[in-house]
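The next block holds one structure in the form of structure tokens; read it before the comments.
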Amino acid sequence: MTSAREQVILGAAETIRPALGGAVPDVAIVLGSGLGELAERVGNAVRIPYAAIPGFHQPTVAGHKGELVFGTMTGKTVLVQSGRFHMYEGLSADTTALPVRVFATLGIRTVVLTNAAGGIRRTYGPGTIMLIADHLNLTGQNPLVGSALAGEERFPDLNNGYDVGLRRLARRVAVAVGIDLEAGVYAGLLGPSYETPAEIRMLERLGADAVGMSTVIEAIAARARGVRCLGLSTITNPAAGTSAAPPTHAEVMKVAAQTCGRVARLIEAIVAQL
Ligand code: HPA
């Protein structure tokens, strides 16, 4: 029996499938805040507005558009999610993970998860691109709660949450194209308030290098379906209490937009090698 949750995933996938013209995209790319411009770099773009996809919610956050863009990038086929789902919008972890589950249902085996994040490690200032080596899921939620969905591992192993082979590839490509790429642990919190300085000190002691409000839920759902994840954070601001200036969404958007070209070049170079 197909559960109601599974029906939502299958319904969305069946709506999207005709737009792909029989192709299974080589990779799905989830765009973080301020990185929407990356969707403009997709060739032969076919746009699928969320309004046309049952179960997809209209983004409520500035900087998140609300469409899937299918097309080509450096000789590969890509499906770009322009408009992320966040739990702080009032969505369950289950709904937040819906797009990634739909990508897996469409046969996609690799996802690139991008985000904007606050820098905790002092040397990771605004404009740093950080490869996510691992995460701390501090949202208090998990997309796998509830009955196990068809094709999903009940107790997935997260040792390789951010695929070691893809991380190696990303580092090699970054050197080849001359883009600085740091690496670190991403702490995913619920938000939407930014952290207190005490929380940032705590996260630092827990081993976090960057902090944000996305990604971890999607990575867990992807791994439960055996999909490989590559995570890239754009550090947009010093985390709370680590500099005199408090984080603001305007600053996050501004620095993300400034860094977007570099992130896009890196992603294109990685996608070319997939
Ligand atoms: N904290 C949480 N999320 C963020 C931040 C931050 O400082 N910057 C961008 N997203």
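Remember, it's 1-based here, ligands and their atoms both numbered in the order they're listed.
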### Task
Taking all heavy atoms of A256 and all of T236, pick out the closest pair and write down the distance.
N-CG2, 3.8 Å
### Summary
All heavy atoms of L232 vs all of I267, minimum pair found to be CD1-CG1, 3.7 Å
### Message
Considering non-hydrogen atoms of the protein only, which is the closest contact for atom 5 (C) of ligand 1, and what is the distance?
### Response
G118 N, 3.3 Å
### Query
What protein heavy atom is closest to atom 3 (N) of ligand 1, reported as residue, atom name and distance in Å?
G212 CA, 3.3 Å
### Task
State plainly whether one hydrophobic cluster holds both V252 and L190, where clusters connect Ile, Leu, Val, Met, Phe, Trp and Tyr through side-chain heavy atoms under 4.5 angstrom apart.
no
### Message
Please classify the A240 to ligand 1 contact at 4.0 Å (heavy-atom distances, strictly less than): side chain, backbone, both or neither.
### Response
neither
### Task
Give the numbers and elements of all ligand 1 atoms closer than 4.0 Å to a heavy atom of M213.
2 (C), 3 (N)
### Numbering as shown, the atoms of ligand 1 that approach T236 to under 4.0 Å (heavy-atom distance)
8 (N), 9 (C)
### Query
Any idea which protein heavy atom is nearest atom 1 (N) of ligand 1, and the distance to it?
E195 OE1, 2.8 Å
#### Entry: Closest protein heavy atom (residue, atom, distance) for atom 10 (N) of ligand 1
A116 O, 3.3 Å
### Part of N237 within contact of ligand 1 (heavy atoms, under 4.0 Å)
side chain
### Query
Looking at atom 4 (C) of ligand 1, what's its closest protein heavy atom, distance included?
V211 O, 3.7 Å
### Query
Does the side chain to side chain contact (heavy atoms under 4.5 Å, CB included) test come out yes or no for R84 and T215, once each step is laid out?
CA-CA 9 Å; R84 180 180 240 133; T215 304; 3.4 Å; yes
#### Entry: Side-chain donor-acceptor pair present, H135, Y162, cut-off under 3.5 Å
yes
### Message
Would you say CZ of R154 has more than 12 non-hydrogen atoms from neighbouring residues, nucleotides or ligands within 6.0 angstrom?
### Response
yes
#### Entry: Min side-chain heavy-atom separation R5-S147 under 4.5 Å
yes
### Task
Would you mind listing which atoms of ligand 1 come within a distance below 4.0 Å of any non-hydrogen atom of A117?
5 (C), 8 (N), 9 (C), 10 (N)
